[in-house]
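Both backbone and side-chain heavy atoms feed into the values below; hydrogens, waters and symmetry mates do not. In the text below, chain A, chain B and the rest are named by the order of the sequence lines, each starting its count at 1.
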Number of protein chains: 2
Amino acid sequence: MPLRSRFSPEAGVDIHRCLVCDTRAQSICNAIDDKELAILAQASKRLSLPPGSVVIEEGSPAVAFFNVTAGTVKLFKSLPDGRRQVTGFADVGHFLGLTNSETYSFGAETVDTVRVCRFMRPQLEALLADYPLFERRLLAEVTDELTEAQEQMLLLGRKTARERVASFLLGRMLPQTPRQPETEDRMVSLPMTRVDIADYLGLTIETVSRTISALRREQIITGTDNHGIRILSVSRLQELASGQDNR
Amino acid sequence: MPLRSRFSPEAGVDIHRCLVCDTRAQSICNAIDDKELAILAQASKRLSLPPGSVVIEEGSPAVAFFNVTAGTVKLFKSLPDGRRQVTGFADVGHFLGLTNSETYSFGAETVDTVRVCRFMRPQLEALLADYPLFERRLLAEVTDELTEAQEQMLLLGRKTARERVASFLLGRMLPQTPRQPETEDRMVSLPMTRVDIADYLGLTIETVSRTISALRREQIITGTDNHGIRILSVSRLQELASGQDNR
DNA sequence: AGCTGTCGTTGATTTATATCAACAATAACC
DNA sequence: GGTTATTGTTGATATAAATCAACGACAGCT
């Protein structure tokens, strides 16, 4: 019986936790095989954080790297006067905290209850050096993030409020079960507040609220609950999101 | 004497070209040693492109990867109705074209006369597999690009026109010769047109023009030539860029 | 040197979204 | 279970930047 994991959780998680980790398939941990996973397990520590916790303080020394295994974390950058830009939401399977700098150039806070695996930087660097597949996987993830960032720059620089909200809802659509035809009717995951949505879309909370209300009025979305919205016409919303809106 | 390089340039560049390449120190090619450079040289092809050339067509198959050795390339994304967002400018030493997707999700065009080294995708993937240092270097570069993209999201989502232009000019400052104290007076490289600047900053050409004129009027910048601007007070511009503007 | 087209500047007016303001709904707390 | 704080909605008004419009400055070309 793995006593270690029960009596000294601080010293690293037991390999068994990684083996049965239900998010392993989606995450970078999948880049290494079961044998090597033991090393990964020793290098990481599991943390559970309540909503609104600071994961990374903007400008603090970049000492750790995180892999999200449950919940949603928001990443952001701020200006001296308090204006904020949320640069992304890291959901299950995503990592955060990778940087070449000595300090983090962004902050990270939990949106809801979040579980993360934390890797300390020296250990992460050792892992990268020893397991090329791990590094390969990381490169692929960062490349994907960059592609997303470019899409968001298009949204922030050139889209109208209506187009931004439509794009956001599409981006937060829950995945369909495979082998199921693409439906027009889809659920959306919105654990964050209107403030976070506004800061992500470069708008004010009032504009976000008004725009969501308008989409509801036009029967493009439904759901009276603020954090549980349902898209009624994905194709219509896609038209709106790309500016093919004739009105 | 290396006849090959003189008589069949199409078959790859000679290793000598890489060895003496004046941009090697700044680029990913620096990740591998002289011996291995021969393989890199064989895998690449040098191209010289006039201003306004298409390097990457948005949505086309992602078959190649480029390293800029001279000039400036603009990267952008478009909406169906023609609205454009320039997501970045790739100067000497930067690469472009890395993606996990089968097609490019962005376009790339030369701003001025540009020289690039082109790598075909299968060859690049072989290089990555064989030279971990090459991959390491690439990961570092993509990570830096992501950091820059986050900074640009803050600019696009939350900064005023004045703050955007100030940030842009600071970002385009030419590097100081090392061992020289930071001066208040610095040159700026602006090979691109007002249209490109506007599309980069999420503004119109008129707003960019008016804002630059205002900064000139206020003695923060000088230079009558449109593509040759000089910053008179770097610190003042930094204040403007971060919103510590009391006016 | 004069024409032609591109690029950049400046001014007048409009407009999308921010700001200001009030209130409603929901969640948190004793 | 009622009170208080937080979060979200809706309306009225202000404003930064867009749009519309005219013109100026060059660069390339014959």
S.K.: Could you check Arg217(A) against Val208(B) and say which one's nearest nucleotide on DNA chain D is further toward the 5' end?
M.R.: Arg217(A)

S.K.: Please give, in whole Å, the distance from dC7(C) C1' to Leu190(B) CG?
M.R.: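 The answer, rounded to whole Å, is 14 Å.
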
S.K.: Let me know the distance between CZ of Arg83(A) and C1' of dA18(C), rounded to the nearest Å.
M.R.: 13 Å

S.K.: Give a yes/no answer on whether the side chain of Thr207(A) brings an N or O atom under 4.0 Å of OP1 or OP2 in dA18(C).
M.R.: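 Result: yes.
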
S.K.: Flag the pair Tyr200(A) / Gln152(A) as yes when at least one side-chain heavy-atom distance between them is below 4.5 Å, and no otherwise.
M.R.: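 The answer is yes, as the side chains (C-beta and beyond) meet within the 4.5 Å cut-off.
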
S.K.: Taking all atoms of both residues into account, what is the closest heavy-atom pair of Gln85(B) and Gly157(A), and its distance?
M.R.: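 So the two residues come closest at OE1-CA, 3.3 Å.
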
S.K.: Measuring to OP1 and OP2 of dG11(C), would you say a side-chain N or O of Arg210(B) lies under 4.0 angstrom away?
M.R.: no

S.K.: Can you measure Asp112(A) atom CG to dA27(C) atom P for me and round it to whole angstrom units?
M.R.: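 In whole Å, dA27(C) P and Asp112(A) CG are 15 Å from each other.
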
S.K.: For Thr193(A), report the nucleic acid contact type (base, sugar-phosphate, nothing); a contact means any heavy atom under 4.0 Å.
M.R.: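 Result for Thr193(A) = sugar-phosphate.
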
S.K.: Whole-Å distance between dA22(C) P and Ile205(A) CD1?
M.R.: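 Distance, rounded to whole Å: 16 Å.
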
S.K.: Rounded to the nearest Å, what distance is computed from the CD1 atom of residue Ile197(B) to the C1' atom of nucleotide dC7(C)?
M.R.: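 These atoms are roughly 12 Å apart.
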
S.K.: Tell me whether the count of non-hydrogen atoms from other residues, nucleotides or ligands lying under 6.0 Å of CD in Gln176(A) goes above 12.
M.R.: yes

S.K.: Would you mind classifying the nucleic acid contact of Ile212(B) as base, sugar-phosphate or nothing, using non-hydrogen atoms under 4.0 angstrom?
M.R.: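 Result for Ile212(B) = nothing.
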
S.K.: At under 4.0 Å, does any side-chain N or O of Ser213(A) touch on OP1 or OP2 of dT10(D)?
M.R.: yes

S.K.: What nucleotide, of dT17(C), dG8(C), dT9(C), holds the atom closest to the side chain of Ala161(A)?
M.R.: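 Within the option list, the nearest is dT17(C).
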
S.K.: What's the CZ-P distance between Arg216(B) and dG8(C), to the nearest Å?
M.R.: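 Between P of dG8(C) and CZ of Arg216(B): 12 Å.
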
S.K.: Can you see if the side chain of His227(B) gets near the phosphate of dG8(C) - specifically, an N or O under 4.0 Å from OP1 or OP2?
M.R.: yes

S.K.: Quick one: Arg194(A) CZ to dA27(C) C1', roughly how many Å, whole number?
M.R.: 15 Å

S.K.: Give the nucleotide from the list dC20(D), dT9(D), dT10(D) with an atom nearest to the side chain of Glu206(A).
M.R.: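 Closest of the options to the side chain of Glu206(A): dT10(D).
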
S.K.: Without decimals, in angstroms, what is the distance between Arg158(B) CZ and dT19(C) C1'?
M.R.: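 Atom CZ in Arg158(B) sits about 13 Å away from atom C1' in dT19(C).
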
S.K.: Where do Glu58(B) and Arg84(B) land on the salt bridge (charged side-chain N to carboxylate O under 4.0 Å, His left out) test, with the steps shown first?
M.R.: CA-CA 12 Å; Glu58(B) 212 174 341; Arg84(B) 265 186 358 145; over 6 Å; no

S.K.: Would you say the side chains of Ser242(A) and Glu163(A) form a donor-acceptor pair under 3.5 Å?
M.R.: no

